[in-house]
Amino acid sequence: MSLIGGERFYAGIRESTARLAGIVTDEDEARAIPTCPDWTLRQLATHVGRGQRWAAEIVTRRSPEFIAFRDVPNGRIPDDPAQRPDWLNGGATLLIDSVRAGGGERVWTLTGMGPAGFWARRMAHETAVHLADAELAVGREVRIAADLATDGIDEWLGFAAGDPGDQPLPLPAEGQTLHVHVTGDAPDGTGEWLVTRTAEGLTVEPGHARADVAVRGPAAPLFLVLMRRLPPAEAGVEVLGDQELFAYWLEHTRF
């Protein structure tokens with residue numbers, strides 16, 4: 001369950017997309033994106049615009065199954081740079097309108113069938129992180145609101161505790177624990193989690209507890225560290241306890 005409401009996600013999608021559109025307008029499309037190796041700014045913008053349209057298509061069709069990216073209408077960024085801001089912002093509007101219309105109807109999601117609103121939360125955080133990729137690449141200030149960043153951490157920890165498939169769990173031994181703590185700017189009653197490795201997998205519980213390793217800092221920098229966009233020291237985030245265990249966690253929770 002998300003920590004904030006759908007309208008907040010819609011506002012986040014619009015703001016992040018508009019800021020990315022501004023970067024796409026101002027900067028060289030061939031600029032490399034260091035946090036997304038092998039991507040240029042054009043490729044990153046294409047990924048965001050196509051991804052929003054893909055989620056919108058899933059919701060619009062009320063699809064019970066995955067839809068291939070190649071089947072998404074208008075998924076190619078325009079060759080004319082002047083048309084790219086409208087294309088990006090149009091994808092955000094299409095996504096928001098489709099989720100509003102979908103309401104609580106169930107559609108395919110990354111974790112099985114779920115309400116259409118899943119895609120508002122997922123794409124709000126997806127867009128925010130890829131905006132941060134662009135901002136870091138061009139040297140602009142990264143600004144993610146504390147409430148969105150805190151909810152992004154909550155969502156990400158939930159994904160980490162899901163079915164890993166054939167991938168190793170990010171805590172390698174039963175009984176190992178990770179405490180994640182947003183300091184100062186989390187919404188009331190939120191901002192701390194304990195992740196525990198059990199015999200069955202991982203559990204995530206809200207609240208304060210001692211752990212083998214704790215990572216703590218303001219919401220946005222902490223979110224970027226957990227998403228592997230900034231190293232802890234550069235972000236001003238503290239890692240207390242087993243440093244190697246946290247490094248292992250990051251290595252095995254790739255976005």
Side-chain angles (χ1 to χ4, degrees), residues 1-17 20 46-76 87-131 144-145 147-167 169-170 180 187 189-191 193 195 198 200-206 223 226-227 253-255:
M1 180 180 295
S2 62
L3 305 180
I4 52 182
E7 291 299 323
R8 186 67 184 94
F9 292 133
Y10 301 151
I13 291 167
R14 288 193 189 281
E15 180 184 356
S16 294
T17 304
L20 178 60
T46 299
H47 175 82
V48 170
R50 181 182 293 148
Q52 291 177 347
R53 286 169 169 81
W54 171 70
E57 190 71 7
I58 289 169
V59 175
T60 299
R61 294 191 200 179
R62 309 294 191 266
S63 178
E65 57 190 10
F66 174 83
I67 292 176
F69 287 99
R70 64 178 177 273
D71 294 335
V72 175
N74 195 24
R76 186 177 185 277
W87 181 81
L88 281 165
N89 289 314
T93 297
L94 186 66
L95 171 64
I96 291 166
D97 289 349
S98 67
V99 175
R100 283 189 194 279
E105 293 192 53
R106 297 178 69 79
V107 300
W108 182 89
T109 77
L110 301 175
T111 58
M113 294 294 289
F118 170 94
W119 289 108
R121 186 189 200 196
R122 175 80 293 276
M123 299 312 291
H125 300 318
E126 171 94 2
T127 308
V129 170
H130 285 316
L131 169 62
I144 304 175
D147 59 342
L148 284 172
T150 302
D151 188 77
I153 294 169
D154 186 74
E155 182 200 47
W156 186 238
L157 293 177
F159 284 150
D163 182 0
D166 59 357
Q167 301 301 310
L169 289 167
V180 179
T190 66
W193 304 262
V195 185
T198 70
E200 291 75 31
L202 294 183
T203 64
V204 180
E205 298 291 339
F223 184 37
L226 290 170
M227 303 306 293
T253 52
R254 293 177 176 270
F255 176 75

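Keep in mind the model is a prediction, meaning the values are calculated, not measured.
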To the nearest 0.5 angstrom, please state how far the [atom1] atom of [X] sits from the [atom2] atom of [Y].
{"X": "His47", "Y": "Glu126", "atom1": "NE2", "atom2": "CD", "answer": "4.0 Å"}
{"X": "Glu57", "Y": "Asp71", "atom1": "CD", "atom2": "CG", "answer": "8.5 Å"}
{"X": "Ile13", "Y": "Gln52", "atom1": "CD1", "atom2": "CD", "answer": "6.5 Å"}
{"X": "Phe118", "Y": "Thr111", "atom1": "CZ", "atom2": "OG1", "answer": "5.0 Å"}
{"X": "Thr46", "Y": "Leu88", "atom1": "OG1", "atom2": "CG", "answer": "8.0 Å"}
{"X": "Thr190", "Y": "Asp154", "atom1": "OG1", "atom2": "CG", "answer": "8.0 Å"}

On a heavy-atom basis, which atom in [X] and which in [Y] lie closest, and how many Å separate them?
{"X": "Ser98", "Y": "Thr60", "value": "CB-OG1, 3.5 Å"}
{"X": "Pro187", "Y": "Thr150", "value": "CD-OG1, 3.6 Å"}
{"X": "Leu3", "Y": "Asp151", "value": "N-OD1, 2.6 Å"}
{"X": "Met113", "Y": "Arg106", "value": "O-NH2, 2.8 Å"}
{"X": "Ala128", "Y": "Ser16", "value": "CA-OG, 3.7 Å"}
{"X": "Ala55", "Y": "Leu95", "value": "CB-CD1, 3.7 Å"}

Task: Parallel, tilted or perpendicular, as decided by the 30° and 60° cut-offs, for the rings of Trp108 and Trp119 - done: parallel
Could you check whether any side-chain heavy atom of [X] comes within less than 4.5 Å of a side-chain heavy atom of [Y], counting everything from C-beta outward?
{"X": "Trp156", "Y": "His125", "answer": "no"}
{"X": "Thr253", "Y": "Leu226", "answer": "no"}
{"X": "Arg121", "Y": "Arg8", "answer": "no"}
{"X": "Val99", "Y": "Phe9", "answer": "no"}
{"X": "Leu20", "Y": "Thr127", "answer": "no"}
{"X": "Arg61", "Y": "Ile67", "answer": "yes"}
{"X": "Val48", "Y": "Met123", "answer": "no"}
{"X": "Asn74", "Y": "Arg53", "answer": "yes"}

TODO: Could you go through the side-chain contact (heavy atoms from CB on, under 4.5 Å) check for Leu148 and Phe223 one step at a time?
DONE: CA-CA 10 Å; Leu148 284 172; Phe223 184 37; over 6 Å; no
- [ ] Apply the test side-chain contact (heavy atoms from CB on, under 4.5 Å) to residues Arg14 and Asn89: give CA-CA distance (whole Å), side-chain angles for both, the deciding distance (0.1 Å), then the verdict.
- [x] CA-CA 7 Å; Arg14 288 193 189 281; Asn89 289 314; over 6 Å; no
TODO: Please list, chain by chain and in numerical order, all residues satisfying side chain to side chain donor-acceptor pair (under 3.5 Å) with Arg254, sequence neighbours excluded.
DONE: Glu251
